[in-house]
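Residue numbers run from 1 in the order of the sequence given. Computation of the quantities below employed the complete heavy-atom set of this structure, encompassing side-chain atoms and omitting hydrogens, waters and symmetry-equivalent molecules. Please read all numbers here as calculations on a predicted model, not as lab measurements.
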Amino acid sequence: MSQNNLSRLKGTVYLMILLGIVTFMSGFLKYTPFEHITLLLLFLLSVGGVKLFQGAKHTVISGYSKFFLILTGISTMVFMALIVIAIVKTFLSEVSLSDNLEFLEGLFYLSSLLFLIGIIGSIIFLNIKEGRNSKQP
């Protein structure tokens, strides 16, 4: 794996950490007019997850690094799937989007836990991988 691809994957992981923090902080906007900004941030996080999943799938890294990158990508795609489910349930019933999102809150927490495990593992194993492959003067 070239150093450029590794640094691109690491950049995507760090960007997803930043988006994850901002998304978490936007959760405090509940019951305000800006309540649904979290949906936009989760969509951006899911796009990053798809990019990370594809990047991990098409690289030559293996083992734990690849596992944690794929886990991170899948967990963010679950965020988007849960949002789509909540939107569909909103159209099919007379319940608000906020109530449908609250109904799926447990699954959001589980997906968030998988996201955290994947991000932490990705950071650790990508940095270890870089440390072994780097040439020391």
Side-chain angles (χ1 to χ4, degrees):
M1 178 175 186
S2 73
Q3 192 66 21
N4 188 25
N5 289 342
L6 183 61
S7 64
R8 192 175 300 151
L9 277 175
K10 282 178 67 174
T12 304
V13 168
Y14 290 133
L15 179 64
M16 290 186 66
I17 290 170
L18 180 65
L19 273 171
I21 291 170
V22 171
T23 302
F24 171 76
M25 296 303 288
S26 72
F28 293 110
L29 296 173
K30 194 163 190 144
Y31 305 118
T32 67
F34 303 108
E35 174 180 13
H36 295 297
I37 194 82
T38 306
L39 297 177
L40 174 66
L41 292 170
L42 284 173
F43 174 75
L44 292 174
L45 199 61
S46 296
V47 169
V50 169
K51 181 177 175 162
L52 192 63
F53 182 77
Q54 288 176 345
K57 192 174 154 188
H58 296 297
T59 60
V60 293
I61 61 171
S62 61
Y64 292 118
S65 299
K66 194 170 201 170
F67 170 76
F68 284 114
L69 288 171
I70 289 174
L71 179 66
T72 304
I74 289 174
S75 68
T76 58
M77 288 185 256
V78 170
F79 286 142
M80 201 66 232
L82 291 173
I83 291 171
V84 168
I85 290 169
I87 290 172
V88 167
K89 285 182 76 171
T90 300
F91 286 129
L92 296 178
S93 66
E94 295 181 9
V95 180
S96 71
L97 180 61
S98 296
D99 290 338
N100 280 324
L101 289 171
E102 281 185 29
F103 179 72
L104 296 171
E105 192 170 5
L107 294 174
F108 275 108
Y109 284 130
L110 180 62
S111 183
S112 297
L113 178 65
L114 293 176
F115 176 75
L116 284 174
I117 292 169
I119 283 291
I120 291 169
S122 296
I123 291 171
I124 290 170
F125 286 105
L126 284 177
N127 286 327
I128 288 173
K129 186 101 173 146
E130 182 181 72
R132 269 193 253 154
N133 291 338
S134 64
K135 295 181 180 166
Q136 304 209 359

Would you indicate whether the side-chain heavy atoms of Leu126 and Leu69 approach each other to under 4.5 Å?
yes
Going by heavy atoms in the side chains, are Val50 and Gln54 under 4.5 Å from each other?
yes
Which heavy atom of Ile37 sits nearest to which heavy atom of Ser26, and what is that distance?
CG2-CB, 4.1 Å
Would you say CZ of Phe103 has more than 12 non-hydrogen atoms from neighbouring residues, nucleotides or ligands within 6.0 angstrom?
no
Rounded distance (nearest 0.5 Å) linking atom OG of Ser111 with atom CG of Leu116
10.0 Å
Count the heavy atoms belonging to other residues, nucleotides or ligands that lie under 6.0 Å from NZ of Lys66, then report whether that count exceeds 12.
yes
Ignoring hydrogens, what is the shortest heavy-atom contact between Ala56 and Leu9? Give both atom names and the distance.
N-CD2, 4.2 Å
Atom CG in Leu40, atom CG in Leu44: separation rounded to 0.5 Å?
5.0 Å
Transitively linked via ILVMFWY side-chain contacts under 4.5 Å: Val95 with Leu101?
no
Separation between CZ (Phe43) and OG1 (Thr76), nearest 0.5 Å, reads 11.5 Å
Decide whether Tyr109 and Leu42 are clustered together by the hydrophobic rule: side chain heavy atoms of Ile, Leu, Val, Met, Phe, Trp, Tyr closer than 4.5 Å, transitively.
no
State, with a plain yes or no, whether a side-chain heavy atom of Phe68 is found less than 4.5 Å away from one of Ile123.
no
For the student: nearest non-hydrogen atoms of Thr72 and Ser122, plus distance:
OG1-OG, 3.6 Å
I want to check something: taking the side chain as every heavy atom from C-beta on, are Ile83 and Phe108 in contact at a cut-off of under 4.5 Å?
yes
Would you kindly confirm whether Leu52 and Tyr14 end up in one hydrophobic cluster when ILVMFWY residues are joined by side chain heavy atoms under 4.5 Å apart?
yes
To the nearest 0.5 angstrom, please state how far the CD1 atom of Ile17 sits from the CD1 atom of Ile120.
8.5 Å
Is the shortest heavy-atom distance from the side chain of Lys10 to the side chain of Asn127 under 4.5 Å?
yes
Rounded to the nearest 0.5 Å, the CZ atom of Phe115 sits from the CG atom of Leu19 at a distance of 8.0 Å
Spell out, yes or no, whether Leu110 and Met80 are grouped together once hydrophobic residues are joined by side-chain heavy atoms under 4.5 Å, including indirect joins.
no
Closest heavy-atom pair, Lys51 versus Thr12, reported as atoms and distance to 0.1 Å, is CE-OG1, 4.0 Å
When rounded to the nearest 0.5 Å, the distance separating NZ of Lys89 from CG of Leu97 is 11.5 Å
Could you tell me if the side chain of Ile85 sits less than 4.5 Å from the side chain of Leu104, heavy atoms only?
yes
